[in-house]
Chemist: 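Supplied in structure tokens, the structure appears directly below.
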Amino acid sequence: MGIQAPRGTRDVLPAESYRWQYLEACMRKAAASAGYRETRTPVFEHTELFLRGVGDTTDIVQKEMYTFLDKGDRSITLKPEGTAGAARCFLEHNLYAEPLPCKMYYLNAPIFRYENPQSGRLREHHQFGLECFGAQEPTADAELILLAYRLLSELGMRNLSVNINSIGCPKCRPVYHSRLKEYLAGKIGCMCDDCKGRFERNPLRVLDCKQKKCQELTKDAPSMLDLLCDECRDHFQELQACLKDAGIPYTVDPRIVRGLDYYTKTVFEMITATKDGNLTVCAGGRYDHLLQQIGGPDLPAVGFGMGIERVLMLAESESIQIPEPAWYDVFVTYMGTHRADAFRLTQLLRQEGLKADMDHCGRSLKAQFKYANKTKAPVTAVIGDEEAAGGTVKLKNMNTGEERSAAWEAAAAAVREMTEIKAKE
RNA sequence: GUGGGUAUAGCGUAGUUGGUUAACGCGCCAGAUUGUGGCUCUGGAGAGCGUGGGUUCGAGUCCCACUACUCACCCCA
């Protein structure tokens, strides 16, 4: 079989790349509409960044990172998520000294997690992410949620549910932690094995357990939302007011607990139902103390990540139409000895701003037409003895069959006229 | 990391209780007289059956191991 792409990776082939490009264009437009500008950060970072940023008790850090020593004995990790790298970039370049907030986005950032792949879960995937540094008000949170929601719904996603929660701040979360532990303490015996461990490390995770018996146990558990401090409660209230005002449907789900330790206050997920279960396409939240944790000033921030492969997968399953660009505007065929003429005409048409090509495989005229047809070229040009003698070219509209003759200099204009392609500036 | 399923030309599949030169559809290439495609017809190229062992006179068909893919769990975008 030869060498294959490594487990959990995928090639994007020429026949499908237009889908990515279409999505990218939509994402850039959405980000720009709210003043987010692109940033590009390295694919790998020092491992320490993720230990301190993401949290060393999280599953991502404990068992899913691609970590290795480079030849200089530095511990390097391929990015397992996008936020930590963006935060590092923000700090390293003192972007907090510039007018805040600093809004940045990244597109097609490769993300690596060593997991067992399955539908919608790869070892290398790509994310579109937005980060807003230096904004503490809930309007910033709302803006991000709206932006993601509108982007996805404008792409045609249906059955999109927006789930939000607040997980408090360092002031109120410890209070909740101890309350939750008190509540769960007597029930440890009935929990699943995973949750017994979670109880010690991060009791919040028990709420997130998918096991029926654990869900039963936590049914009447105290809710973080009842114990938020005044600041967090007001923040969450105002966020909801913004979302309501904007008219987007959302659900408050007190069980959302993200797998990254840096979150504070707002956390959210966008989930769509597919034929085989629910898929999270976008998730994020506020991380008011991450910058400080990795050695910077204590500035608030909020952001989200969106999985591009997942969006594409959903676009497919929901039969969302993505326009496929034609290979060519015009395909130049030639007969007998007129290859050089065809070459010159092709170059001329390209200089005139058209997508043009000719046969490079020594095919018969008939086969050249068959090929042109397969590429869906709307117009085919023919150069035979007659045309070569007169310095003209015959153009055929492949949809209507209409044929006309044109001088070389007028060929590009004629092709445009036949297909209504706008002339280049 | 744990458990289940699968593994035959570029793609999708068929291969009966193990037995001659592994079949079909799509795709690809070439033809169907004279300078032209899309429909149709004809022909052609292309796999030795994931890899390595084993059983057998003989294995794509049976056994073992490995690998890959896939699904579920865990977790997540």
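In what follows, chains carry the letters A, B, and so on, assigned in the order in which the sequence lines appear, proteins first and then strands, with residues in each chain numbered from 1. Note that the structure is a prediction, hence the values are computed from the model and not measured.
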Chemist: For the pair made of CD in A/Q118 and C1' in B/rG1, what is the distance, rounded to whole Å?
Modeler: 14 Å

Chemist: What distance, rounded to whole Å, do you find between the two C1' atoms, one in B/rA7 and one in B/rG15?
Modeler: 15 Å

Chemist: Using atom P in both nucleotides, what's the gap between B/rC29 and B/rU13 to the nearest angstrom?
Modeler: 24 Å

Chemist: Answer yes or no on whether A/R40 is positioned over the face of A/Y106, meaning its NZ or CZ is under 6.0 Å from the six-membered ring centre and within 45° of the axis.
Modeler: no

Chemist: Could you check whether atom CZ of A/R179 has more than 12 heavy atoms from other residues, nucleotides or ligands sitting under 6.0 Å from it?
Modeler: no

Chemist: Need one value for A/G336: base, sugar-phosphate or nothing, where a base atom within 4.0 Å counts as base even if backbone is also close, heavy atoms only.
Modeler: nothing

Chemist: Could you identify the nucleotide paired to B/rC69, looking across every strand shown and requiring Watson-Crick or G-U wobble geometry with both distances under 3.5 Å?
Modeler: B/rG5

Chemist: Between B/rA9 and B/rA47, how far is it from one P atom to the other, in whole Å?
Modeler: 10 Å

Chemist: Could you state the CD1-C1' distance from A/I60 to B/rC74, rounded to the nearest angstrom?
Modeler: 13 Å

Chemist: How long is the line joining CG of A/L312 and P of B/rA77, in whole Å?
Modeler: 18 Å

Chemist: Calculate the interatomic distance between A/L279 atom CG and B/rC71 atom C1'; express it in whole Å.
Modeler: 15 Å

Chemist: Taking the P atom in each of B/rC11 and B/rC69, what is the distance between them to the nearest angstrom?
Modeler: 15 Å

Chemist: Taking a pair as Watson-Crick or G-U wobble with both distances under 3.5 Å, which nucleotide is matched to B/rC76?
Modeler: none

Chemist: Partner of B/rU61 by Watson-Crick or G-U wobble geometry, both contacts under 3.5 Å, or none?
Modeler: none

Chemist: Rounded to the nearest Å, what distance is computed from the OH atom of residue A/Y263 to the P atom of nucleotide B/rC76?
Modeler: 11 Å

Chemist: Within the 4.0 Å heavy-atom criterion, would you say A/A283 contacts the bases, only the backbone, or no part of the nucleic acid?
Modeler: sugar-phosphate

Chemist: Counting distance alone, no hydrogens or angles: does the base of B/rC71 have a donor or acceptor under 3.5 Å from a partner atom on the side chain of A/R121?
Modeler: no

Chemist: List the protein contact pattern of nucleotides 33-42 of chain B with one symbol per nucleotide (5' to 3'): B for base contact, S for sugar-phosphate-only contact, - for none; contact means a heavy-atom distance under 4.0 Å.
Modeler: --BBBB----

Chemist: Please classify the nucleic acid contact of A/I111 as base, sugar-phosphate, or nothing, using heavy-atom distances under 4.0 Å.
Modeler: nothing

Chemist: How about OH on A/Y183, more than 12 heavy atoms from neighbouring residues, nucleotides or ligands closer than 6.0 Å, or not?
Modeler: yes

Chemist: Can you tell me, in whole Å, how much space there is between the C1' of B/rU21 and that of B/rC49?
Modeler: 15 Å

Chemist: Measuring only the P atom in each nucleotide, how far is B/rA22 from B/rA45? A whole number of Å is fine.
Modeler: 14 Å

Chemist: Please give the distance between the P atoms of B/rG60 and B/rC74 as a whole number of Å.
Modeler: 42 Å

Chemist: Have A/Y66 and A/E124 got a donor and an acceptor in their side chains that come within less than 3.5 Å?
Modeler: no

Chemist: Are a donor atom and an acceptor atom from the side chains of A/Q293 and A/Y287 found within less than 3.5 Å of each other?
Modeler: no

Chemist: Go through it in stages, so that I can follow the logic: the residues are A/W20 and A/N108, the test is side-chain contact (heavy atoms from CB on, under 4.5 Å), and I'd like the CA-CA distance, side-chain angles, deciding distance and then a yes or no.
Modeler: CA-CA 9 Å; A/W20 284 69; A/N108 277 349; 3.6 Å; yes

Chemist: Taking atom P of B/rU70 as reference, at what distance in whole Å does atom CD of A/E115 sit?
Modeler: 14 Å

Chemist: Whom does B/rG38 pair with, Watson-Crick or G-U wobble, provided both distances fall under 3.5 Å?
Modeler: none

Chemist: Does a donor on one side chain sit under 3.5 Å from an acceptor on the other, for A/E48 and A/S75?
Modeler: no

Chemist: Evaluate whether atom NE2 of A/H93 has more than 12 neighbouring non-hydrogen atoms of other residues, nucleotides or ligands under 6.0 angstrom away.
Modeler: yes

Chemist: Students often get this wrong, so: under 4.0 angstrom with heavy atoms, is A/R363 touching a base, only sugar-phosphate, or nothing?
Modeler: sugar-phosphate

Chemist: Do other residues, nucleotides or ligands put more than 12 heavy atoms under 6.0 Å from A/E402 CD?
Modeler: yes

Chemist: Could you tell me the separation between the OH atom of A/Y105 and the P atom of B/rA77, rounded to a whole number of Å?
Modeler: 22 Å

Chemist: Between atom CG in A/N116 and atom P in B/rU67, what is the gap in whole Å?
Modeler: 13 Å

Chemist: My understanding is that a pair needs two contacts under 3.5 Å, Watson-Crick or G-U wobble. By that rule, which nucleotide pairs with B/rG44?
Modeler: B/rC28

Chemist: Which label fits B/rG46, syn or anti, where anti is any glycosidic angle not within 90° of 0?
Modeler: anti

Chemist: Quick one: on RNA chain B, does A/P117 or A/M306 contact a more 5' nucleotide (nearest heavy atom)?
Modeler: A/P117

Chemist: Please give the distance between the C1' atoms of B/rU55 and B/rA65 as a whole number of Å.
Modeler: 15 Å

